[in-house]
Each structure stands twice: as C-alpha cells, then as structure tokens.
Amino acid sequence: MREMRCAGTVRTCVRLLFLLLLTATVLLAPAPGLTPTAMTVPPAAPDPTVPAVGRAWPVGSRPPILRGWEPPTTPYGPGHRGVDLAALPGAPVRAVAAGRVSFAGRVAGKGVVSVELSGTGDPPLRVTYEPVRVSVRKGDEVAAGEVVGTVEAAGSHCTGTCVHWGLRRGETYLDPLSVLPSWLLRRGPSRLLPVLGVPLPP
C-alpha cells in the first residue's frame with residue numbers, strides 16, 4: 001500500500017485529513033428528516049391528458065412528498081391514489097388552481113375539500129384535500145392560491161401530519177403532480193454550505 005505524503009508538520013497533516021473527512025461526511029449525508037420517497041423528484045413526463053393549470057402547492061412552497069402516486073393496476077386494486085405532502089397542523093391549505101368548490105365537509109370523520117378546476121374539460125378535473133378544517137362552502141369560487149382550510153391534527157393516514165392530495169377526472173384517478181407546471185416542480189439549485197467552527201490550517 002502506498003503511503004500518503006503530506007507536506008508540513010504532523011499537526012498540519014492531521015488538520016487537513018480532518019477537514020477532508022468532515023467535508024466528505026457533510027456532502028454524503030442524506031438530508032435530515034426526509035425519507036427516500038420524500039426526496040424523490042416528480043416524474044419527468046407528466047400525464048399529457050392533464051393540463052398544467054396549477055399555480056400553487058396545496059401546502060408550503062415545495063413540501064416534502066411523504067408518499068407519491070402509486071396507480072393501482074385494476075380499478076379496485078391496491079395503490080396510492082394521490083400524493084401525501086408533509087404539513088404542520090394548522091398550516092393553510094390552498095387551492096392549486098382556480099375553480100369551484102364541489103364538496104366541503106366531513107367524510108368518515110375527516111374534513112375534505114374538493115375543487116373542480118376551471119377550463120379543464122368535461123368532466124372537469126377535480127382535486128381533493130384531506131384532512132382539512134374547512135373554511136369554504138360548496139359552490140364557492142376560489143382563485144389559485146386561495147386558502148380553503150387548514151391542516152387538521154387528526155385524521156391523517158401518515159405517520160405524522162400530512163395532507164393527502166388527490167386528482168380525478170370523472171371516476172379515473174390521476175397523478176396530482178401533473179397539474180403543476182415544471183417551474184413549480186423544480187427544486188432550487190444545489191449549494192455547498194460552509195463548514196463552520198473548524199480552524200483552517202496555518
């Protein structure tokens with residue numbers, strides 16, 4: 001095995017080695033609090049039958065996706081007919097696009113809001129959010145980004161609190177991420193953060 005040579009004192013070499021190991025650890029460590037599913041980038045090829053009319057995320061500006069869209073292979077088969085977005089209790093839930101509230105109430109003890117999206121065909125696309133403390137009524141017209149309720153602390157099927165966001169056209173479930181344009185789906189640029197509190201070698 002070849003020896004690694006380091007110019008300077010032993011102390012300088014140890015500092016350099018420590019900085020290299022610390023930098024590698026920081027760069028290779030996963031983001032805290034995010035599961036692999038939460039870090040998954042949405043599909044590059046959205047559903048061509050779904051117009052990208054969305055102008056806002058239902059919660060936050062780019063919430064972690066706790067569980068993605070998993071379409072069932074049969075109409076009654078297992079799957080995940082929507083997307084679970086991490087959210088704190090009491091956080092505002094917003095309409096992703098303009099439309100009319102088609103349902104606002106409780107289903108099986110959970111608050112649910114459904115909005116038919118304007119200009120999305122016949123039958124129109126319909127988004128659903130749950131569990132939500134509802135602040136709109138059936139028939140209300142809502143604008144993109146308008147608050148339709150707040151996240152309820154109970155009723156979520158996630159380990160923590162989340163909002164289940166669904167999308168349907170008629171009786172067909174679709175990937176809700178398909179209504180968001182690419183500029184809303186993109187993550188910000190990667191940035192290297194400084195390592196603080198570590199003295200530089202002389």
[X] to [Y] - nearest heavy-atom pair and separation:
X: P181; Y: G54; result: CD-O, 3.1 Å
X: S118; Y: G99; result: OG-CA, 3.4 Å
X: V151; Y: A87; result: CG2-CB, 3.8 Å
X: V134; Y: A104; result: CG1-CB, 3.6 Å
X: P51; Y: T120; result: CG-CG2, 4.1 Å
X: H164; Y: D84; result: ND1-OD1, 2.9 Å

Evaluate side chain to side chain contact (heavy atoms under 4.5 Å, CB included) for I65 paired with W165, printing each intermediate quantity in order. CA-CA 11 Å; I65 299 170; W165 173 30; over 6 Å; no
Gap between atom [atom2] of [Y] and atom [atom1] of [X] - 0.5 Å precision:
X: D175; Y: R81; atom1: CG; atom2: CZ; value: 14.0 Å
X: L117; Y: L167; atom1: CG; atom2: CG; value: 7.0 Å
X: E116; Y: R169; atom1: CD; atom2: CZ; value: 11.5 Å
X: W183; Y: R55; atom1: CH2; atom2: CZ; value: 6.0 Å
X: L85; Y: T161; atom1: CG; atom2: OG1; value: 11.5 Å
X: T172; Y: L125; atom1: OG1; atom2: CG; value: 10.5 Å

Can you name the salt bridge (Lys or Arg N to Asp or Glu O under 4.0 Å) partners of E146, sequence neighbours left out?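 By the salt bridge (Lys or Arg N to Asp or Glu O under 4.0 Å) rule, E146 matches no residue at all.
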Let me see the working for R126 and S102 under side chain to side chain contact (heavy atoms under 4.5 Å, CB included), right down to the final yes or no. CA-CA 8 Å; R126 185 171 73 247; S102 57; 3.4 Å; yes
Report the C-alpha separation of W57 and L184 in whole Å, then their side-chain angles, then the decisive distance to 0.1 Å, and conclude whether the side chain to side chain contact (heavy atoms under 4.5 Å, CB included) test is met. CA-CA 8 Å; W57 282 88; L184 269 175; 4.0 Å; yes
With side chains defined as the heavy atoms from C-beta onward, is the minimum distance between [X] and [Y] less than 4.5 Å?
X: V113; Y: V136; result: yes
X: L177; Y: V83; result: yes
X: V93; Y: V163; result: yes

Before giving the answer on side chain to side chain contact (heavy atoms under 4.5 Å, CB included), spell out for V101 and V142 the whole-Å C-alpha distance, their side-chain angles and the decisive distance to 0.1 Å. CA-CA 7 Å; V101 177; V142 293; 4.0 Å; yes
Count I, L, V, M, F, W, Y as connected when their side-chain heavy atoms are under 4.5 Å apart, and connections chain through other members. Are V112 and V127 then in the same cluster?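 V112 does not cluster with V127.
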For the hydrophobic clusters of this structure (ILVMFWY residues joined by side-chain heavy atoms under 4.5 Å, transitively), does one cluster hold both V59 and V179?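 Hydrophobic grouping puts V59 with V179.
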What pairs meet the side-chain hydrogen bond (donor to acceptor under 3.5 Å, both in side chains) rule with one or both residues in residues 127-141, with sequence neighbours excluded?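 Checked against side-chain hydrogen bond (donor to acceptor under 3.5 Å, both in side chains) - neighbours excluded - the pairs reaching residues 127-141 are K110-E130, S114-T128.
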